[in-house]
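Working notes, structure below.
Read the numbers this way: they start at 1 and go in the same order the structure lists the ligands and their atoms. What's counted below: heavy atoms across the whole structure, side chains too, no hydrogens, waters or symmetry copies. Note that the numbering runs from 1 along the sequence shown for the chain.
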Amino acid sequence: MARQVNFEKLIVPGVRGLQPYVPGKPIEEVEREYGISDSIKLASNENPLGPSPRALAAIRDGLDTLGQYPDGNGHYLKEALAAHHHTRPDAITLGNGSNEILVLLAEAFLGPGVAAVYDQYSFVVYRLAVQATGAEARVAPSRSAQHAQPLGHDLDAMRSLVDADTRIVFIANPNNPTGTWCDEDELRAFVSGVPADTIVVVDEAYAEYVSGDGYPRVAAWLDEFPNLVVTRTFSKIYGLAGLRIGYAISHPAVAEILNRVRQPFNVNSLAQRAALAALQDTAHIDESRSVNAQGLGFLSAGLADLGFRVLPSVGNFVLVDMGTAAAPFCEALLRVGIIVRPVANYGLPNHLRISVGLPAQNRRLLDALRAIYGAENSAG
Ligand SMILES: *Cc1c(COP(=O)(O)O)cnc(C)c1O
């Protein structure tokens, strides 16, 4: 007879309570499940234009080198990123997505007996990363739905949870899933106000989409605040989500510590090449930004016309309050081949997060919602 093993009993305490991250469904899976084709995915905040053609060419050029390990130091990419951010290469840490950077930070600085602070409706990976280490998670209540930054970060509430045991505060700016943001003055006041040995992680995954005054790109503050860590990604505006590459900008001493916990070859060679090329293709970035700005305006206005409450967003997605349970809308959209993101796992069962697509995709979403909404209303 086979042995019985209770693996649950063997897990370390931090991991025991974890639930696996549920990603947006891949297109292929939805098409199989619903027997449809020609579907569109507006669920994972990807760039609808895809990667820069120059990044794709760099990947093709790199295929011959796949027999060799990648550059474990990411030399060329770090040099380029340092120049891009007016800093030094040893301030950069490369990650297998910025998700890995967040996990490395937690691994290096968190554990039982210390605490981390994040906002109620912030990026779900903070919760997962903190919980796995066994550190205490202190969750600050978000701003109200009526605030100018609805459901956004309340930095005063976050500050009040910081004490001598707090090793990390996670701030997403702009935030996912809300699309809200913190302005320069409030963020600077927050960073000045926390103890110097509390690390403030500012996750700028969508920074390249933000235009306009008052939005801070805080890597420029590092000389003043060595406890700041900025994370960035190639998954969003750069359109390289499938390759998994992101990075941190930090004090070199923090980078050196992250270097101790990361795997020696955590970022693959094609990702490094593609990122380097993508960084230099400013025309593609500009186009991506402008397609997004137009689509964001079009979607927000269209959704508001349909009577839904759309939260103001500076990212490449909008959070929409459906006014009632969002799951049936999600399901009805799936039936016509449109994948959007339910956010019940964030504690927002009445909201949907919708990524900005290409113009025709945005129109298709609005048309489908109009049809569904009409049907729902006439059904009573
Ligand atoms: C998408 C996203 C990331 C990026 O994740 P990667 O691991 O770099 O793909 C990080 N933070 C937030 C808030 C995001 O929405």
Side-chain angles (χ1 to χ4, degrees), residues 21-24 26 41-48 50-51 55 74 77 81 92-107 116 118-130 142 149 151-153 168-182 187 200-210 215 217-218 229-249 258 262-263 266-268 270-272 274-275 278-279 288 292 296 311 313-319 340-341 343 345-346 348 351 353-356:
Y21 177 83
V22 183
K41 185 179 174 206
L42 302 175
S44 298
N45 302 345
E46 294 141 338
N47 182 341
L77 182 56
L81 287 169
I92 309 287
T93 306
L94 302 180
N96 192 255
S98 55
N99 194 325
E100 187 192 20
I101 303 279
L102 299 169
V103 171
L104 293 177
L105 284 161
E107 241 180 87
Y118 53 84
D119 173 277
Q120 177 182 7
Y121 297 128
S122 57
F123 189 41
V124 71
V125 168
Y126 310 150
R127 170 161 58 84
L128 300 176
V130 172
S142 296
Q149 297 287 338
L151 311 180
H153 288 9
I168 302 184
V169 179
F170 291 98
I171 293 173
N173 198 31
N175 183 42
N176 170 19
T178 58
T180 53
W181 58 289
C182 304
L187 193 51
V200 180
V201 177
V202 181
D203 179 344
E204 295 185 344
Y206 302 94
E208 299 87 356
Y209 280 111
V210 187
Y215 170 75
R217 289 168 174 80
V218 301
V229 177
V230 182
T231 61
R232 292 282 187 113
T233 182
F234 284 95
S235 299
K236 303 291 157 62
I237 206 167
Y238 294 103
L240 295 171
L243 277 183
R244 312 304 305 128
I245 178 163
Y247 59 99
I249 315 162
L258 296 181
R262 74 173 177 88
Q263 289 175 39
N266 61 330
V267 179
N268 73 76
L270 297 185
Q272 291 186 37
L279 192 65
S288 301
N292 182 66
L296 184 65
L311 278 70
S313 171
V314 291
N316 65 345
F317 58 91
V318 284
L319 188 66
V340 298
R341 190 78 155 102
V343 282
N345 62 325
Y346 283 89
L348 295 165
H351 290 71
R353 194 191 68 196
I354 302 172
S355 308
V356 176

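- Distances shorter than 4.0 angstrom occur between a heavy atom of Tyr206 and an atom of ligand 1.
- Of all the atoms in ligand 1, the ones that sit under 4.0 Å from a non-hydrogen atom of Ala205 are 2 (C), 3 (C), 10 (C), 11 (N), 12 (C), 14 (C).
- For ligand 1, the atoms lying closer than 4.0 Å to a non-hydrogen atom of Lys236 are 1 (C), 2 (C), 3 (C), 4 (C), 14 (C), 15 (O).
- By the 3.5 Å distance cut-off applied to N or O atoms, Asn176 is counted among the residues near ligand 1.
- At least one N or O atom of Asn99, backbone or side chain, sits closer than 3.5 Å to an N or O atom of ligand 1.
- Considering backbone and side-chain atoms alike, Tyr126 places every N or O at 3.5 Å or more from each N or O of ligand 1.
- Applying the side chain to side chain contact (heavy atoms under 4.5 Å, CB included) test between Ile171 and each of Leu187, Val218, Asp203 identifies Leu187 as the sole match.
- Centroid-to-centroid, the aromatic rings of Phe123 and Phe170 stay 6.0 Å apart or farther.
- Tested against Val201 for a side chain to side chain contact (heavy atoms under 4.5 Å, CB included), the candidates Leu102, Val169, Val230 yield a single pass: Leu102.
- Nearest protein neighbour of atom 11 (N) of ligand 1, counting heavy atoms only, is Asp203 OD2, 2.6 Å.
- Look at Glu208 and Arg232 and you find a salt bridge, because one of the NZ, NE, NH1 or NH2 atoms lies within 4.0 Å of a carboxylate O, short of that distance.
- For the residues Pro177, Gly246, Ser98, the heavy atom positioned nearest atom 5 (O) of ligand 1 is part of Ser98.
- Across all non-hydrogen atoms, the minimal contact from Ala172 to Tyr126 is CB-OH, 3.2 Å.
- Heavy atoms only, all atoms of each residue included: Pro174 and Gly179 are closest at CB-O, 4.2 Å.
- Atom CD of residue Glu204 and atom OG1 of residue Thr231 lie 7.5 Å apart, to the nearest 0.5 angstrom.
- Heavy-atom distances between Arg244 and ligand 1 reach below 4.0 Å in at least one pair.
- Short contacts between ligand 1 and Ser235, defined as distances under 4.0 Å to a heavy atom of the residue, involve ligand atoms 6 (P), 8 (O), 9 (O).
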